[in-house]
Amino acid sequence: AAGATFDNLQKYFDLLKVYGPSYGYTPQPHKCVLVTSERNLSSAKSKFERYGMKVVTGTRYLGGFIGSPTLRSDWLREKASSWEKAVKTMARASKKFPQTAYVAMKNSLQMEWQYAHRTVSDAGTFFDGVEEALASEFLPSLFGVDEEITRKYRKLAELPVRHGGLSLSNPTTNSKECYKSSTLYCSHLLSALRGRVQYSPVDNLECQCEVMPVYWSRIEATYKAKFKSEVDQFPQDTQRTLKRANKTGRWLSVMPSHVGGTILSSTEFRDALMLRYARVPSNLPTSCDGCGESKKFDVNHALDCKK
């Protein structure tokens with residue numbers, strides 16, 4: 001990859017063809033893409049089409065996009081549509097395998113669009129469909145309850161597990177924070193690319209070490225404030241349970257493993273999820289099968305029963 005004036009890019013590519021093979025790199029022009037602005041498109045084609053390069057005004061690059069805002073919007077719209085379908089597929093899988101579907105969503109699928117959020121500004125405006133699929137299909141399927149119930153906990157679920165949530169962030173609102181954290185972390189690189197400073201690996205590392213602790217301390221304060229704001233809206237008894245959630249979430253963060261014994265059945269996972277958010281697990285028996293107590297069976301009796 002390179003960025004420069006057309007004349008310098010031609011010199012660069014000609015030298016690459018001469019010296020590249022001796023280093024085991026053979027340039028293949030038909031696989032190369034030159035991205036330029038609309039006003040320079042005809043000039044670029046006259047200079048580079050003889051190489052067999054593809055000359056465009058915008059293209060996907062390393063999980064992000066370079067070039068025309070219009071083409072970028074089309075690319076984001078297409079990607080968001082594919083992720084929306086993936087969330088719906090994951091929702092169907094979570095009916096039988098909630099723990100597996102949850103871990104795949106949290107650790108894999110949402111990381112794909114969060115990478116796009118880190119590399120493309122204002123991407124969240126295209127993710128309304130993804131958020132709706134998360135709120136109306138995935139979470140109800142994960143909990144095994146109606147959408148009306150899970151809607152009450154959607155904003156809590158956006159928070160990290162360590163803050164009482166499920167680490168299922170809202171893609172429409174989280175994109176700005178992702179992009180901001182990425183640009184702060186790479187601020188020395190960006191300044192060097194724009195010619196403001198001379199790039200230095202030492203300065204780059206120092207910049208990262210200085211910026212990120214300050215940034216994350218601010219983010220942690222934001223999470224705590226949001227958690228308090230959401231919890232305060234629930235009844236007092238529910239609040240006490242929810243305030244314990246940020247201390248009891250390790251089971252949500254581990255990878256399911258037969259070797260480690262960390263795989264939960266669908267019933268175990270959903271019961272734990274319901275208890276975490278002060279809900280009564282579904283399908284409780286009407287009487288205790290331990291002591292034979294005939295009155296309505298509840299969570300307290302399950303914990304207190306001596307048999």
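Atom set for the values below is all heavy atoms of this structure, side chains included, hydrogens, waters and symmetry mates excluded.
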Peer 1: Tell me the closest heavy-atom pair linking Leu134 and Pro140, and the distance in Å.
Peer 2: O-CD, 4.3 Å
Peer 1: Taking C-beta and beyond as the side chain, do Lys85 and Ser81 meet within less than 4.5 Å on heavy atoms?
Peer 2: yes
Peer 1: What are the two closest heavy atoms between Gly63 and Tyr115, and how far apart are they?
Peer 2: CA-CE2, 3.6 Å
Peer 1: If hydrophobic clusters are built by linking Ile, Leu, Val, Met, Phe, Trp and Tyr wherever their side-chain heavy atoms come under 4.5 Å apart, do Val120 and Leu184 end up in the same one?
Peer 2: yes
Peer 1: Please examine the side chains of Arg279 and Tyr153, heavy atoms only from C-beta on, and report whether any two atoms are closer than 4.5 Å.
Peer 2: yes
Peer 1: Do Arg92 and Thr89 have a side chain donor and acceptor closer than 3.5 Å?
Peer 2: yes
Peer 1: Going by the angle between their ring planes, with limits at 30° and 60°, are Phe127 and His117 parallel, tilted or perpendicular?
Peer 2: perpendicular
Peer 1: How far apart are the closest heavy atoms of Lys106 and Ser167, and which atoms are they?
Peer 2: CD-CB, 3.5 Å
Peer 1: Just one of Leu159, Leu156, Val231 clears the side-chain contact (heavy atoms from CB on, under 4.5 Å) bar with Lys226, so which one?
Peer 2: Leu159
Peer 1: Whether the Asn40 and Ser43 side chains hold a donor-acceptor pair (N or O, under 3.5 Å, no angle test) is what I'd like checked.
Peer 2: no
Peer 1: Using only heavy-atom distances, determine whether the side chains of Arg118 and Ser181 contain a donor-acceptor pair under 3.5 Å.
Peer 2: yes
Peer 1: Would Phe97 and Phe269 satisfy ring-ring contact (aromatic ring centres under 6.0 Å, His included), going step by step from the backbone distance to the final call?
Peer 2: CA-CA 9 Å; Phe97 309 102; Phe269 182 83; over 10 Å; no
Peer 1: Write down the atom of Arg151, the atom of Ala135, and the distance for their closest heavy-atom approach.
Peer 2: NH1-CB, 3.4 Å
Peer 1: Any chance the side chains of Ser169 and Gln114 put a donor and an acceptor closer than 3.5 Å?
Peer 2: yes
Peer 1: Cut-off 3.5 Å, side chains only: do Glu177 and Tyr215 have a donor facing an acceptor?
Peer 2: yes
Peer 1: Does the pair Glu131/Arg154 count as a salt bridge with the N-to-O cut at 4.0 Å?
Peer 2: yes
Peer 1: Less than 3.5 Å apart, any donor N or O on the side chain of Thr262 or Ser257 sitting next to an acceptor on the other?
Peer 2: no
Peer 1: Checking salt bridge (Lys or Arg N to Asp or Glu O under 4.0 Å) for the pair Lys224/Glu220: CA distance, chi angles, key distance, verdict?
Peer 2: CA-CA 6 Å; Lys224 290 178 182 178; Glu220 287 292 300; 5.6 Å; no
Peer 1: With no hydrogens and no angle check, do the side chains of Thr5 and Asp7 hold a donor and an acceptor under 3.5 Å apart?
Peer 2: no
Peer 1: For a 4.5 angstrom cut-off between non-hydrogen side-chain atoms, does Pro27 reach Tyr25?
Peer 2: yes
Peer 1: Looking just at side-chain N and O atoms, do Asp14 and Tyr51 make a donor-acceptor pair shorter than 3.5 Å?
Peer 2: yes
